[in-house]
Number of protein chains: 2
Amino acid sequence: MGTTQLETVPEPKYWHLRTVLSEALDTEFTVGEILPNERDLAARFGVARATLRQALEQLELEGRLQRRRGVGTTVAPPRMGVAVGTEQHAWPGGAGDDWQPVDATPEVPPAGVAAALETGADEAVHLVRRSLTTHGQPVAAELLYVAVGAVPELAAIDTSAGAARARAVLRELQRLELEGRESAVELGSARADDARQLDRLPGAPVLVVTTRYFAGGRTVAVSVATYRADTCRLTFGDSGGVEVHPDPQPQAS
Amino acid sequence: MGTTQLETVPEPKYWHLRTVLSEALDTEFTVGEILPNERDLAARFGVARATLRQALEQLELEGRLQRRRGVGTTVAPPRMGVAVGTEQHAWPGGAGDDWQPVDATPEVPPAGVAAALETGADEAVHLVRRSLTTHGQPVAAELLYVAVGAVPELAAIDTSAGAARARAVLRELQRLELEGRESAVELGSARADDARQLDRLPGAPVLVVTTRYFAGGRTVAVSVATYRADTCRLTFGDSGGVEVHPDPQPQAS
């Protein structure tokens with residue numbers, strides 16, 4: 001394997017290095033393989049360690065590399081497709097929903113959620129926490145805020161906390177007629193508690209999917225789901241979760 | 001304004017600083033306002049410049065800050081909602097589609113796209129380039145690959161290149177009955193040409209939406225659309241583009 005000098009390239013050096021490295025990953029490495037250490041890689045490509053690190057960070061962001069403490073940098077498997085929004089008329093917790101209820105507690109929601117639910121500034125709602133695991137890997141964490149008025153019978157149900165209470169809230173939601181839902185996805189960073197649940201450091205890039213559920217002419221629940229951006233691609237559409245897998249980053253000139 | 005020492009906090013310093021800064025943005029700054037320089041900020045919070053920069057990068061990733069050359073770091077406006085996938089049964093270029101055709105040329109698509117379109121390894125397809133602008137700001141760039149066999153009459157149309165040819169390809173697509181489409185969204189980084197079009201540096205985080213369009217029992221077109229992750233939130237659902245805006249990053253304890 002030769003040394004590639006990058007001195008004369010007009011684009012940012014780390015970006016050119018990223019492209020060269022990306023091609024090397026395709027041709028010389030297999031999924032799960034551990035990369036040579038940073039010093040050797042920097043020497044091979046004739047770049048400073050800082051440039052190399054920038055290129056590695058880039059490839060990590062793109063889901064090509066994984067960096068794990070005590071293991072090093074490995075070649076990442078293709079991202080997993082996780083279906084969001086394919087069942088347009090289903091409540092969370094319905095049939096075919098793979099999320100695991102963790103617990104439910106009363107909480108005052110953040111201001112934006114309170115505005116959507118039209119609750120008072122200091123009014124508590126049901127906060128259901130759920131998690132999604134695929135192939136034994138934590139994939140996503142959800143905070144589902146449910147207006148107390150939407151599930152009036154819950155007060156009479158004798159489940160004080162934990163997964164049983166979470167299931168009770170979800171069961172009460174199923175009684176309502178779902179009129180529609182509306183989602184948005186954006187880039188965010190993992191909060192400390194989500195990061196722990198997702199096995200990442202705080203601040204790791206995540207895809208945040210916010211969903212409003214409508215019933216009786218108003219928003220009765222708001223879900224804020226945080227997906228690992230390194231390992232997940234979110235699929236949605238009207239073909240019911242058919243896996244889509246063209247190369248999302250064609251490297252045409 | 002006092003000095004906040006962060007020495008004794010157990011979570012990563014940059015992460016705690018990010019939270020403190022985020023609160024300061026809410027209470028002390030307005031949208032568009034320029035932040036003090038890094039030296040002053042680092043002194044105010046009693047942290048090293050490197051820690052400060054990590055926290056600023058975090059807030060930029062979250063869309064709270066914008067860094068522009070020659071201007072400095074400013075407080076970002078809320079992200080724009082851009083509807084994707086609300087019109088489940090519309091071809092690109094149909095009524096109500098705000099994308100601007102730029103040009104159309106024959107290109108050999110990346111391997112993943114070729115596999116989806118079931119074209120041969122070195123077979124060219126129509127590549128339509130489009131761009132999306134909102135409030136005068138570039139928001140997204142699209143590469144739309146259309147199988148030559150799907151639009152057979154195009155060969156007879158006398159438009160050699162440019163936006164006119166792009167429109168001709170889209171017009172031919174409208175003749176087909178769209179059987180469905182399937183999308184996926186994931187985190188990516190801007191390629192050099194997209195970066196230029198989006199007014200970003202190569203490698204800037206972007207949301208990549210890949211969409212397959214089905215007609216006649218096969219995939220006839222694949223769209224790879226790259227949205228600025230700093231300024232966009234992508235909305236989808238069955239309520240037709242109603243703006244969803246609860247705080248996507250609730251900072252509950």
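Chain identifiers are assigned alphabetically (A, B, ...) following the order of the sequence lines, protein sequences preceding nucleic acid strands; residue numbering begins at 1 within each chain. Remember, predicted model here, so these are calculated numbers, not experimental data.
Residue A:Y227 does not touch chain B at all, counting heavy-atom pairs closer than 4.5 Å. In this structure, no portion of A:A115 lies under 4.5 Å from any heavy atom of chain B. Both the backbone and the side chain of B:L234 come within less than 4.5 Å of a heavy atom of chain A.
The shortest side-chain heavy-atom distance between A:T30 and A:V75 does not fall under the 4.5 Å cut-off. Proximity of A:L127 to A:P109: side-chain heavy atoms (C-beta onward) are nowhere separated by under 4.5 Å.
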Tell me which donor-acceptor pairs under 3.5 Å the side chains of residues 217-224 of chain A have, and how far apart each pair is, sequence neighbours excluded?
{"from": "A:R218", "atom 1": "NH2", "to": "A:L117", "atom 2": "O", "distance (Å)": "3.3"}
{"from": "A:T219", "atom 1": "OG1", "to": "A:R212", "atom 2": "NE", "distance (Å)": "3.2"}
{"from": "A:T219", "atom 1": "OG1", "to": "A:R212", "atom 2": "NH2", "distance (Å)": "2.9"}
{"from": "A:S223", "atom 1": "OG", "to": "A:E142", "atom 2": "OE2", "distance (Å)": "2.7"}

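Side-chain atoms of A:R79 come within 3.5 Å of backbone N or O of A:D230 as a donor-acceptor pair.
Across A:G203, A:A192, A:A114, the residue that shares the most heavy-atom pairs under 4.5 angstrom with chain B is A:G203.
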